[in-house]
**Q** 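Below you'll find the structure I mean.
As a basis for the values below, the full set of heavy atoms in this structure was taken, side chains included, without hydrogen atoms, waters or symmetry mates. Every chain is numbered from 1 and lettered A, B, ... according to where its sequence line falls, protein lines coming before strand lines.
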Amino acid sequence: MSMRLSDYFLPTLKENPAEAQIVSHRLMLRAGMVRQSAAGIYSWLPLGLRVLEKIGAIVRQEQNRAGAIEVLMPTLQPAELWRESGRYDDYGKEMLRITDRHDRDLLYGPTNEELITQIFRDNVRSYKELPRNLYHVQWKFRDEIRPRFGVMRGREFLMKDAYSFDIDEASARQAYQKMFVAYLRTFKRMGLQAIPVAADTGPIGGDLSHEFIILAETGESEVFCHEDVLNQPVPEADYSRDLTPVIDAYTQYYARSDEFHDGAIFEEQVPEAKRVTARGIEVGHIFYFGEKYSAPMKALVTGPDGKDVPVHMGSYGIGVSRLVGGIIEACHDDDGIVWPWGVAPFHVGLINLKPGDAATDALCDKLYNGLSQNGLDVLYDDRDERAGAKFSNMDLIGLPWQAVVGPRGAAAGEVEIKNRATGEKITLSLEDSLQKLSQAPIQK
RNA sequence: CGGGGCUUGGCGCAGUCUGGUAGCGCACCUGGUUUGGGACCAGGGGGUCGCAGGUUCGAAUCCUGCAGCCCCGACCA
């Protein structure tokens, strides 16, 4: 949806707030996307919320395509459930515990395995209802010892978590593969280069655990991988085929984060010319954990042989709010944010250099209405501000395209179009600019 | 939780050492001049100096306690 800046709420800052150290945090504050409420807890202002929702929409679309079904579980959960899995005591101080008026123990969910397992066991009896994958996008809370890096390491965070249910490990492996593919597609659509790296599988063992790390110069973790991992094509959303070759194309190569990096193996498996060391941010994690929750919590289904067996489960997380910061870490320059098309809060920033000038206003209105009718979201800076302030502000908030109309151009019926990513500017007629902006989005 | 730093108007800061009743830049309001890369002039509003005690004739400043926030570490989507 398009907006006039004079009607919008976009409190931008000219100076860097002292509390923000890393670039994404600084830019999110300066661009009026978030405001901190307490350590690691943020309010989302309109611009930030738009990005959060764009990311959520992509995540949902790709989850749905992969056959996952959306639900919504509460933020507060009864402690009882966590006692069943044994995690109420194990989780430690990271879990925020709450007592209600009846003295019942509650907790603000740091994750939802227990809850989803309960929902499943209460409602599914037969293997015939499998496989199933349920997900939701919900706020979580983990009382981190030290929240930092703005929304990338907040205590409260928005996360998509999916849970798969299968009759056996072989079937669970397929569920895993679908999510693997969905993740590759999801991050690609956000304009990110994501690397699936082998991760710790914990007590279950096996090869079914991967973290997805997006590349960003300022990322907190280091990644070591074979260069060819970076050049794999993004798979089609065809989930009816055997996905093993698709997955193998990625997993055949060495790719690990600093946590599990082994220099010797790296050198042995990757030729020197193909060794890549980069920095990145973990934005997703998928893993198979078998009967870890289903067995103690008695989530059983009757198999074809008439016997009850615990379901095999996997869980698949994406840090939605973390991605907002992560994307900015990956996509910015000295002037501000450079949004990838897929997650940009608006597609076009329209700058009226002289509000009140009849010809300028008229041309801006035509552009605003035309672009909006063509399905683009336009943020129209119709404020009575100086040109420089408008340019700087527009660069800061990083919309992919800028359309600039001044009295000079208006007289000639011309619009200046600027590509935020490349800085390239061209002057076009109204019609041409409408056409240019309404077609192919920028591919960075 | 260990170590370090910080807290003064919406934001960024000075003033604290050497107590004397709060200042600068930006932002905001009014008027004027400006107007294609964060303008200029004039006037104006806004702060119980994080909180609570204490010392003192007098505390932003000294003392004690507490809280919040930031950074490094262990921990983590």
**Q** Give a yes or no on whether a salt bridge exists between A/R279 and A/D258, defined as a side-chain N under 4.0 angstrom from a carboxylate O.
**A**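 So A/R279 does not pair with A/D258 through a salt bridge.
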
**Q** With sugar-phosphate meaning primed atoms plus P, OP1 and OP2, does A/A387 contact a base, only sugar-phosphate, or nothing at under 4.0 Å between heavy atoms?
**A**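 Sugar-phosphate: the residue A/A387, judged by heavy atoms under 4.0 Å, touches backbone atoms but no base.
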
**Q** Got a sec, which pairs hit salt bridge (Lys or Arg N to Asp or Glu O under 4.0 Å) with one end in residues 79-90 of chain A, sequence neighbours left out?
**A**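 Checked against salt bridge (Lys or Arg N to Asp or Glu O under 4.0 Å) - neighbours excluded - the pairs reaching residues 79-90 of chain A are A/E80-A/R83, A/R83-A/D105, A/E84-A/R121, A/R87-A/E113, A/R87-A/E114.
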
**Q** Watson-Crick or G-U wobble partner for B/G23, using a 3.5 Å limit on both distances?
**A**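 Paired with B/G23, as far as the under-3.5 Å criterion goes, is B/C13.
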
**Q** Below 4.0 angstrom, which residues in residues 348-355 of chain A have at least one non-hydrogen atom near RNA chain B?
**A**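 Within this stretch, A/L353 sit under 4.0 Å of the strand.
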
**Q** Taking ring-ring contact (aromatic ring centres under 6.0 Å, His included) as the test, write out the residues that go with A/W82, two or more places apart.
**A**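 ring-ring contact (aromatic ring centres under 6.0 Å, His included) list for A/W82, sorted by chain: A/Y91.
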
**Q** For the C1' atoms, the ones on B/G47 and on B/A60, what distance do you get once it is rounded to whole angstrom?
**A**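 Looking at atom C1' only, B/G47 and B/A60 are 11 Å apart.
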
**Q** Could you list by number each residue of residues 51-72 of chain A showing a heavy-atom separation from RNA chain B of less than 4.0 Å, or answer none if no residue does?
**A**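 When residues 51-72 of chain A is checked for heavy atoms under 4.0 Å from RNA chain B, there are no hits whatsoever.
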
**Q** Using a 4.0 Å cut-off on protein heavy atoms (strictly under), produce a 5'-to-3' string for nucleotides 68-77 of chain B with B for base contact, S for backbone-only sugar-phosphate contact, and - for none.
**A** -SSBBBBBBB

**Q** Among residues at least two apart in sequence or on other chains, which ones pass salt bridge (charged side-chain N to carboxylate O under 4.0 Å, His left out) with A/D161?
**A**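 Counting only residues at least two positions away or on another chain, A/D161 forms a salt bridge (charged side-chain N to carboxylate O under 4.0 Å, His left out) with A/K140.
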
**Q** Each nucleotide N or O in nucleotides 22-26 of chain B that has a protein N or O under 3.5 Å away: list the pair and distance.
**A**
{"unit_1": "B/G25", "atom_1": "N2", "unit_2": "A/E15", "atom_2": "OE1", "d": "3.0"}

**Q** For A/Y368, give me all partners under ring-ring contact (aromatic ring centres under 6.0 Å, His included), at least two apart in sequence or on another chain.
**A**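 A/Y368 satisfies ring-ring contact (aromatic ring centres under 6.0 Å, His included) with A/Y380 only.
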
**Q** For RNA chain B, which residues of residues 357-371 of chain A approach it to below 4.0 angstrom with any heavy atom?
**A**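 RNA chain B contact set from residues 357-371 of chain A: none.
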
**Q** For residues 149-157 of chain A, which side-chain donor-acceptor pairs fall under 3.5 Å, sequence neighbours excluded?
**A**
{"unit_1": "A/R155", "atom_1": "NE", "unit_2": "A/A39", "atom_2": "O", "d": "2.8"}
{"unit_1": "A/R155", "atom_1": "NH1", "unit_2": "A/D143", "atom_2": "OD1", "d": "2.9"}
{"unit_1": "A/R155", "atom_1": "NH2", "unit_2": "A/A39", "atom_2": "O", "d": "3.1"}
{"unit_1": "A/E156", "atom_1": "OE2", "unit_2": "A/Y108", "atom_2": "OH", "d": "3.4"}

**Q** Does A/D333 pair with A/R420 as a salt bridge, N-O distance under 4.0 Å?
**A**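 Salt bridge between A/D333 and A/R420, a charged N being under 4.0 Å from a carboxylate O: yes.
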
**Q** Using ring-ring contact (aromatic ring centres under 6.0 Å, His included) as the criterion, list what pairs up with A/H136, not counting sequence neighbours.
**A**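 By the ring-ring contact (aromatic ring centres under 6.0 Å, His included) rule, A/H136 matches no residue at all.
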
**Q** Regarding A/R35, tell me which of base, sugar-phosphate or nothing describes its non-hydrogen contacts under 4.0 Å with the strands shown.
**A**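 No contact.
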
**Q** Can you give each donor-acceptor pair under 3.5 Å made by side-chain atoms of residues 16-24 of chain A, sequence neighbours left out, with the distance rounded to 0.1 Å?
**A**
{"unit_1": "A/Q21", "atom_1": "NE2", "unit_2": "A/A18", "atom_2": "O", "d": "3.2"}
{"unit_1": "A/S24", "atom_1": "OG", "unit_2": "A/E329", "atom_2": "OE2", "d": "2.7"}

